[in-house]
Amino acid sequence: MFGRNPWFETVAEAQRRAKRQLPSSVYGALVAGSERGRTIDDNIGAFAELGFAPHVAGHKPQRDLSTTVLGIPTSMPLLISPTGVQAVHPDGEVAVSRAAKNRGIIMGLSSFASKSVEEVVAANENTFFQMYWTGTRDQMVQRMNRARNAGAKALIATLDWSFSNGRDWGSPSIPEKLDLKTMVRFAPNVLPHPAWLYRFAKSLQLPDLTAPNLKEPGRDAPTFFGAYYEWMQTPPPTWEDVAWMREEWGGKFVLKGVTRVDDAKRAVDAGVDAISVSNHGGNNLDTTPATIRALPAVADAVGDRIEVLLDGGVRRGGDVAKALALGARAVMIGRAYLWGLAANGQAGVENVLDIMRGGLDSAVLGTGHASVHELSADDLVIPAGFSRTLGGAGDEGPKVAAKGSIPRTKDPIG
C-alpha cells in the first residue's frame, strides 16, 4: 500500500509495519505483556537459546510438513491461536480465517472476537471455538451450543489468566465504545496513521469493540469491557468445573494454559483431549517461565495420553521445529498473524503462514528428516539448565470424576 511492496520476508518486518500503520493504542494492545514484561521476553528469547544440530549430507528431497490435531488435518503443525477484538483490520477474524483456510490451517476463534462464530466457520470449517470460564453455567451452555451449531470442531477452554494489572511501560488507552465524542478525543492518535484509517473508511465501518459471540438471545452484544467485567466477577473454576465443561461440550476439548506437570495430569483425569502449554502470551503472571522451557516435562508426563500443543513466543518456522522436537504436537501463534493482518490484511496473514512454512521446511531439511514427525531433541543443541519442571513433585490432589460421571453442581454464580 502507498507504493510499498506489500510482501515481507520475516515476522519482525510485519511487526515493524504494524507499528507504523496502527494507532499507538491499538499497537500497544497487541504487544501487551504484564508487569515488567519478563515472561513475554523469555517466551521469545528462550527459542533463541536453542540451537540446531544440522547434517551436512543425506538430506531428503521431499519433506512432509502435514499432521493432524485432534483428528483434523492441517498442512503444517501450526494453529491460529484465538485472540480477542481484532481491531487492527476491518475484516478481523474473517480475514484470518480465510487466510488459514487458504493455507490449510486450523482457525482458533476467541469468544471475545469481533466477528461471529457463524461468519468465521463459514470462512473455514476447521475452526476451534475458545471460551473462558465466565458467566453462569446457563450462559456457558448457550455459548457452547451456539458454537456447536455453527460447526466448530473443538472447544478451547482458556484458564491461564489471573487478571494481572499494570505494565511498566503503560497500558494502552482503549475506549468502551466508539461514538462521536470518543472519535474526536482519539483523533490525534488515529490521524497520523492514514493506512489504518483508510481501511476502515473504505469498509464503511468503525472498529467493533463488542463481543458478538457472548451475545445472549434477544439482547445486544456486550462491549469488550462489559464482557471483561463479567469474566472478572465469575468465581474461578475448579477441576470439577473443567470436567463439567468438557462433558457439556461433548466433543474434542483443549485446555489452554497448562505449564505445570501436576496440572497436566489433572487435565488428563478431567478427560481433556489436548492441552496447550501456555502462559497467555506473557499476559498472565509475570516471571512465569517461557512455555518452551516448561514443554519437555509436560510432554514427557502426558504426551502419550493426550496431544500437547505449545503457545507463546513462536516467531519463526524454526521455532515450530524446536517445539516439535521437544514434544509438541503443534504450536499456536497469536501476535505473529495479528501483525500480518495489520500489515496487509488477509494477504498479510497468508504471508506470515508462508514464512512459518518456509522456516519449518528448512529446519526439517537441515536436520535430515522427511517428516515433521521425525524431529526430536537429538536435532537440537540444548543448553544446560534450559528446561523448567513446574509442579513435578508432591501430592497432585484428588482425581476428578471419570468421563461420563460428572457431578452436577449448582451454578457457580449461585
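Remember, it's a predicted structure, so these values are computed and weren't measured experimentally.
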Atom of [X], atom of [Y] and distance for their closest heavy-atom approach:
X    : Y    : answer
H59  : G366 : NE2-O, 3.6 Å
N5   : R17  : O-NH1, 2.8 Å
V117 : L109 : CA-CD2, 3.4 Å
N43  : G282 : ND2-N, 3.8 Å
V94  : A123 : O-CB, 4.3 Å
A95  : L341 : CB-CD1, 3.9 Å

ask   = Are more than 12 heavy atoms from other residues, nucleotides or ligands located less than 6.0 Å from atom CZ of R388?
value = yes

ask   = How about D220: does its CG atom have over 12 heavy atoms from other parts shown lying under 6.0 Å from it?
value = no

State the [atom1]-[atom2] distance between [X] and [Y], to the nearest 0.5 angstrom.
X    : Y    : atom1 : atom2 : value
D273 : K252 : CG    : NZ    : 4.5 Å
T83  : M332 : OG1   : CE    : 10.0 Å
I80  : I106 : CD1   : CD1   : 10.5 Å
H373 : L65  : NE2   : CG    : 9.5 Å
D286 : D41  : CG    : CG    : 8.5 Å
S111 : M131 : OG    : CE    : 6.5 Å

query = Which residue pairs pass the ring-ring contact (aromatic ring centres under 6.0 Å, His included) test with at least one member in residues 277-331, sequence neighbours excluded?
reply = W161-H280

Acceptor/donor pairs from residues 380-387 side chains to any protein atom, 3.5 angstrom cut, sequence neighbours excluded:
none

If you define the side chain from C-beta out and look only at heavy atoms, does anything of [X] sit under 4.5 Å from [Y]?
X    : Y    : result
L338 : H89  : no
V372 : V364 : yes
M356 : M76  : yes
V308 : R329 : no
D300 : V298 : no
I72  : V69  : no
R260 : R266 : no
D263 : W239 : yes

With no hydrogens and no angle check, is any side-chain donor or acceptor of [X] less than 3.5 Å from a backbone partner on [Y]?
X    : Y    : result
T389 : G392 : no
E307 : G303 : no
R63  : P61  : yes
S97  : E93  : no
N279 : P289 : yes
T234 : E230 : yes
W339 : E13  : no
N124 : I105 : yes
D361 : G358 : no

remark   = The side-chain hydrogen bond (donor to acceptor under 3.5 Å, both in side chains) partner of D311 among S278, S81, S276 is S81

Please check if any side-chain donor atom of [X] sits under 3.5 Å from a side-chain acceptor atom of [Y], or the reverse.
X    : Y    : result
N351 : N344 : no
E374 : S371 : no
E216 : Q142 : no
S75  : R357 : yes
Y27  : Q15  : yes
N145 : R148 : yes
Q346 : D91  : no
T39  : D42  : no

message = Using side chain to side chain contact (heavy atoms under 4.5 Å, CB included), reason through H369 and K60 one step at a time and then give a plain yes or no.
response = CA-CA 6 Å; H369 298 308; K60 305 301 186 292; 5.7 Å; no

inquiry  = Parallel, tilted or perpendicular: which one describes the rings of F112 and Y132, with boundaries at 30° and 60°?
reply    = perpendicular

Working for side chain to side chain contact (heavy atoms under 4.5 Å, CB included), residues L70 and K153 = CA-CA 9 Å; L70 299 179; K153 297 286 181 68; over 6 Å; no

message = Evaluate R137 against D241 for side chain to side chain contact (heavy atoms under 4.5 Å, CB included), listing each step before the verdict.
response = CA-CA 10 Å; R137 283 196 172 187; D241 291 327; 2.6 Å; yes

request  = Report the C-alpha distance between Q233 and T134 in whole Å, list the side-chain angles of each, state the deciding distance to 0.1 Å, and finish with yes or no for side chain to side chain contact (heavy atoms under 4.5 Å, CB included).
outcome  = CA-CA 8 Å; Q233 297 305 305; T134 176; over 6 Å; no

key: Pair T136-D138, side-chain hydrogen bond (donor to acceptor under 3.5 Å, both in side chains): steps then yes or no   = CA-CA 5 Å; T136 67; D138 285 344; 5.2 Å; no

Side-chain donor-acceptor distances from residues 318-325 under 3.5 Å, at least two apart:
| from | atom 1 | to | atom 2 | distance (Å) |
| --- | --- | --- | --- | --- |
| D319 | OD2 | R315 | N | 2.9 |
| D319 | OD2 | R316 | N | 3.1 |
| K322 | NZ | F47 | O | 2.9 |
| K322 | NZ | L50 | O | 2.9 |

inquiry  = Between E350 and R98 (salt bridge meaning N to carboxylate O under 4.0 Å), is one present in this structure?
reply    = no

